[in-house]
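Below is one structure, written out as structure tokens; the observations come after it.
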Protein chains: 2
Amino acid sequence: MTNFSVSEENYIKSIYHLQQDTHTVNTNSLAVEMNTKPASVTDMLKKLKQKKILQYEKYKGFRLNENGKKIALTVVRKHRLWEFFLANNLGFEWDKVHAIAEELEHISSQELIQKLDNYLGNPSFDPHGDPIPDKHGNIPHLKQRCLAIAPINKTLIVSSVTNQTAEMLDMLKHYKIKIGSSLKIIRHFTFDGSMEIRLLKNAACVISDPVAKNVFVHYD
Amino acid sequence: MTNFSVSEENYIKSIYHLQQDTHTVNTNSLAVEMNTKPASVTDMLKKLKQKKILQYEKYKGFRLNENGKKIALTVVRKHRLWEFFLANNLGFEWDKVHAIAEELEHISSQELIQKLDNYLGNPSFDPHGDPIPDKHGNIPHLKQRCLAIAPINKTLIVSSVTNQTAEMLDMLKHYKIKIGSSLKIIRHFTFDGSMEIRLLKNAACVISDPVAKNVFVHYD
DNA sequence: AATTATTTTTAGATTTGTCTAAAATATATT
DNA sequence: AATATATTTTAGACAAATCTAAAAATAATT
């Protein structure tokens, strides 16, 4: 497998994230995503095409081929494992880990990542609730949806929180809700959209609709 | 404090290591140390002088000033803390940690290093026995010398091993000698320069002069 | 369909870090 | 001290990654 520069890895990762929803990515959106200029993107696209990572025809958009996706997944895996380490072992807050993991994800040693993975206990989700690909690039795939519309009376596992402002984190801390928390929805109140929930072995409590809208859960 | 590139940090670190013994470093030896060409060294020297990190007069050698030393020490600190983490927590062998730490030492976050230091229990020596500077750049300073010429009948602590070939490591494993081991020299044999030693709560044993020459110890 | 607006690419410049080959300086030797 | 040798620096080139400004292609609008 060819060797990729930090810059190339960053492009590959961004293309991977963008092509999830849409089927083909365009130059401008990648330039925005990467905080760079469209001309720079075009330069890099040519390089990545030459390295047989990218499906790309001039003026017609582009997307990663299977090879490219594989590389993207190794970078994503490294990023999320480091995020887990930073939050879980070093005690960083969720909102601080991303920037540091952006640097750590480019450390090249395969052996390091394998040992780190084992050291951390082969976690499946990072502190933001995003799934961590395994060493083969397989992504753990549970149903995930917004708590506001999740099923009642089923065991739900908090998987991610979209609004990560200090105010929101403060609120969640008060309710003792964190990534990995187990909870059930007991009932909805139609008056204001709030809901009564019960966290595993805690008393029931009521959370507002705006809170529930930003909390995502897994279940099977 | 200015920001330094990976390449600049590597030059600073190498100059730091070279200026320990000699008082002024010369272009060729730095080029050898860094596996590069003398012309490239000169280019970088100009840059580092401009950044007020370096005492440097054309053709007359160079050395880091106080600012430069401070920067070198932060890089050395990061390198050795990561080495400790790799060996102690992830289970890497001594001889594998250096190459990976060469990459990790350039991760920029100060907060990361402070938290890592605490997580590791603020260790004083890395897996090679080299001292880890603290956050102020202070280096723990014990007497260190070659086991072959260390004092008899004093408690010595194995601090580093210079020859780290597989053969040597194998031999040390057999004798159960590792970094941090406590031992005493019981007597020397003049016939072949070998010595009888006793490791804490182990039976005494005899090690050859070539082995002793590559083992370094601390004592007070 | 023709024109306008948007998006994308090209051409050429810039910065960082490196190199080779030649020139300048310092050191060693006779 | 003069010459030879070794070391260091300069000059100019190159690759990677970026940029600006202009040209080319595509999409939208009248």
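So that the names make sense, note that chain A is the first sequence line, chain B the second, and so on, each numbered from 1. Since we're looking at a predicted model, the values are computed, not measured.
A close approach under 4.0 Å does occur between a side-chain nitrogen or oxygen of B:N26 and OP1 or OP2 of D:dT8. A close approach under 4.0 Å does not occur between any side-chain nitrogen or oxygen of A:S7 and OP1 or OP2 of D:dA16. Applying the 4.0 Å criterion to OP1 and OP2 of D:dA6, one finds that B:N28 has every side-chain N and O outside that range. At the phosphate of C:dT20, OP1 or OP2 sits under 4.0 Å from a side-chain N or O atom of B:K37.
Looking at B:K96 and B:E93, no side-chain N of the basic residue comes within less than 4.0 Å of a carboxylate O on the acidic one, giving no salt bridge. Under 4.0 Å is where a charged nitrogen must lie from a carboxylate oxygen, and between A:K13 and A:E105 at least one such pair does.
Residue contacts for A:Y11: at a heavy-atom cut-off of 4.0 Å it reaches the sugar-phosphate backbone alone, with no base atom in range.
Identified under the ring-ring contact (aromatic ring centres under 6.0 Å, His included) test for residues 6-29 of chain B, with sequence neighbours left out: none. Counting only residues at least two apart or on different chains, the ring-ring contact (aromatic ring centres under 6.0 Å, His included) pairs with a member in residues 55-80 of chain A are A:H79-A:H98.
Between the P atom of D:dT8 and the CG atom of B:D43 lies a distance of 15 Å, rounded to the nearest Å. Atom NZ of A:K46 is separated from atom C1' of C:dT10 by 7 Å (rounded to the nearest Å). Residue B:L30 contributes atom CG, which lies 10 Å from atom P of D:dT8 at whole-angstrom precision. As a whole-Å value, the separation of A:F62 CZ from C:dT7 P is 14 Å. Between the CE atom of B:M44 and the C1' atom of C:dT15 there is a distance of 13 Å, rounded to whole Å. Here C:dT18 presents its C1' atom at 15 Å from CG of B:L48, a figure rounded to the nearest Å. When the P atom of D:dT18 is taken as reference, atom CG of A:N35 falls 11 Å away, rounded to whole Å.
For A:R77, the salt bridge (Lys or Arg N to Asp or Glu O under 4.0 Å) partners two or more places apart in sequence, or in a different chain, are A:D117. Remark: A:K115 engages A:E111 in a salt bridge (Lys or Arg N to Asp or Glu O under 4.0 Å) (not counting sequence neighbours). For B:D170, the side-chain contact (heavy atoms from CB on, under 4.5 Å) criterion is met by no residue, not counting sequence neighbours.
Distance from the side chain of A:S40 is smallest to D:dT18 among C:dT7, D:dT18, C:dA21. Which of D:dT9, D:dT8, C:dT9 sits closest to the side chain of B:L45 comes down to D:dT9. Listed candidates were D:dT18, C:dT8, C:dT20. Nearest to the side chain of A:T42 is C:dT8. The side chain of B:T27 approaches D:dT8 more closely than any other nucleotide in the set C:dT18, C:dA11, D:dT8.
Along DNA chain D, the nucleotide nearest A:A39 and the nucleotide nearest B:V25 are compared for position; the residue whose nucleotide lies closer to the 5' end is B:V25.
Listed by residue number, the members of residues 52-60 of chain B with any heavy atom below 4.0 angstrom from DNA chain D are B:Y56, B:K58, B:Y59.
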